[in-house]
Number of protein chains: 2
Amino acid sequence: MKKKILIHDIAKHLDVSIATVSLVLNGKAKEKRISDGLAEKVLKYVEEVGYKPNQLAKSLRTGKTHVIGLVVEDIANPFFATIAGLIERKALAHGYRIIYCSTSNDIVKTRDILAMFQERHVDGYILALPDGLEGEVSALVRSGKPLVLFDRVLASVLANAVVVDGATGTYEATQHLLAQGLTSVALMTIRDGQTQMLARRQGYTQALREHNLPELVEEIVFQQNPEQVMEQMQAFFQAHPNCHGVMFTTNYLGVYGLEVLKRLGRRIPEDIAVISFDDNDLFRLYTPPITVVAQPMEAMAEEIISMLLAALNGSKETSRMTQLQMAPQLVLRQSSTLPAAATVRR
Amino acid sequence: MKKKILIHDIAKHLDVSIATVSLVLNGKAKEKRISDGLAEKVLKYVEEVGYKPNQLAKSLRTGKTHVIGLVVEDIANPFFATIAGLIERKALAHGYRIIYCSTSNDIVKTRDILAMFQERHVDGYILALPDGLEGEVSALVRSGKPLVLFDRVLASVLANAVVVDGATGTYEATQHLLAQGLTSVALMTIRDGQTQMLARRQGYTQALREHNLPELVEEIVFQQNPEQVMEQMQAFFQAHPNCHGVMFTTNYLGVYGLEVLKRLGRRIPEDIAVISFDDNDLFRLYTPPITVVAQPMEAMAEEIISMLLAALNGSKETSRMTQLQMAPQLVLRQSSTLPAAATVRR
DNA sequence: CTGAAAGCGCTTACAG
DNA sequence: CTGAAAGCGCTTACAG
């Protein structure tokens, strides 16, 4: 195990001052009028012996860590795993690393995570938070820390944010079902005040209202285990045999829903038409393929990183907040399209 | 924005020495014979003003960061996303955070990641590496850094590792197909020297050998884009119309494979029986449900963390390496079970 | 261009 | 128990 080289060793070997080495390494040679020849000599030797400055010392001194704190609901959820992968790649390209934590939508846990990120001096935050942390996030924004909310925002907090227009997403999806003559379309959502869920519900409500149809909303309590969730769904479908269409507001509800409908032996779309928010392999390859409201993952990741980088590099003076709402895309597949034949036969 | 409180402020306010505050905070009050009363007073005031030691300074001084570097192939891959979520939860419970990076199986990128983790002084490593970094990992092991390899190991490197017995997994899966009378079973794998892939291939080979049947292995080149991968698979299936069973060695190959078979209009399992390594929602809910060789995710995560914690807390003197090979589970579903009727009809 | 020095915020032997 | 001090490894104003 070779001994760790220090900046002091470099300076001594080259017979220059520590300051010179440090300035060259930090690209301030020109500014400080250090000759090109000397700068080159330093760079060459540093390269030769493979000297790497101690990042901890550097961070302690400069206050910058080049680490971004990413908070997601659950890294194992395909939506968050995908966005995390895209964000990671883009952040790395700009010299930032990602430290992530899953919240499980637990407020207490999330509060700890935020405190922990702060203690570790992350340079910026990318956050998909549970409802109820308005105070903490306001304080964070006020402190001037670069921060981007995504997926969902906090109702009373003005901050940078990248979200999808969920209302339009479910509105168009619901309209698509109603246009085919369905009169009882349910919305399966979670019981929670998260803004993205509220928006998705609102689009559904509006579509039904325009058709003068009653709402049929089932709110899943998500603190339960999977089996309990599915029992709740199953009970709902059994209680509403005339419900011939259902919109799931998020990917995992959709997955549970498909399993429940399968258990009940309901045919899709003949017995019940199905649409889910979020696209993934499962929905695409399911039999029948599931119609989805897809989020523009790549573009969202791009916007999140751009926004954060702008905040990281921008002056603290002007604090401009940007809220970006991106358009989702309704991807029509067989699960929501009543075959002409089937419709006639009814 | 309130000014940051320092240990110095605490000491001054309580009129005690900085050393006393620090020792109490680090649980060395007893050891240093600090009175219970004083220790309590310190703790109480620290709590009251919400003092949090600067972790960077602490890390610089102690050399410990309480951060674990997690290297996966791709955080968006369900296998890695799931294990990452489980590892995160368990690590957090022991006071460690996770910083992750995806390698995309790119050796150069991975080398950078390892260097970056080292620069950031992670306390330990959890690694699923591409082939070809034997030198780097050997050096890491020699340096005494706590480290656990998982999913795959490096042939020539002796290190802690948690892997699944892939050979037995594919052996049993292949036997299951052959036992039903299939005579042409293909293995779809990736062209790569990763040890887990080699093991999975070996189990297949052994099963076929025992039945005196010829191998039929297709190696996918994975640097291609999805469409190219599927074209290669499609060409394979078209070239081998008599192949009535296929084993995919990993989840994403299985997903692509299902899509290709669907495009070709091949019925599962009537035209071709299918088994994939790795379980997930898609395989479970597919029509028909896909038989899989499932890895014990929860138990693996548990073992990985235990092993790393043992190394983190253990003495540097005795360097004991543990290689753990866990049993996968063959989960039989309809995709691999030729219906009696169908078999007869053939 | 350089050298000496302060300082980022801690921890921990050491002498009392 | 305490106080003074060194030291983790850097960066950067400052005086020359």
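Hydrogens, waters and symmetry mates play no part in the numbers below; they use all other heavy atoms, side chains included. Letters A, B, ... are given to chains in the order of the sequence lines, protein chains preceding strands, and every chain is numbered from 1.
- With respect to B/Lys58 and A/Glu119, no salt bridge is recorded, no charged nitrogen being found less than 4.0 Å from a carboxylate O.
- Counting only distance, with no hydrogens or angles, the side chain of A/Lys90 and the backbone of A/Ile304 share no donor-acceptor pair below 3.5 Å.
- No donor-acceptor pair closer than 3.5 Å links the side chain of B/Asn26 to the backbone N or O of B/Lys28.
- Using a 30° and 60° split on the angle between ring planes, A/Phe80 and A/Phe150 fall in the perpendicular class, above 60°.
- When the C1' atom is compared between C/dT12 and C/dG16, the two are found 16 Å apart, to the nearest whole Å.
- In this structure, C/dA13 makes no Watson-Crick or G-U wobble pair, since no nucleotide meets both defining distances under 3.5 angstrom.
- In this structure, A/Tyr96 and A/His66 have parallel ring planes: the angle between them is below the 30° cut-off, well short of the 60° mark.
- In this structure, D/dA4 forms no base pair with any nucleotide, since neither Watson-Crick nor G-U wobble geometry is met with both distances under 3.5 Å.
- Going from atom CG of B/Leu14 over to atom C1' of D/dG3 covers 16 Å, rounded to whole Å.
- Heavy atoms from other residues, nucleotides or ligands lying under 6.0 Å from CD of A/Gln323 number more than 12.
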Counting primed atoms, P, OP1 and OP2 as sugar-phosphate and everything else as base, the B/S/- map of nucleotides 6-16 of chain C against protein heavy atoms under 4.0 Å is BBBBBBB----

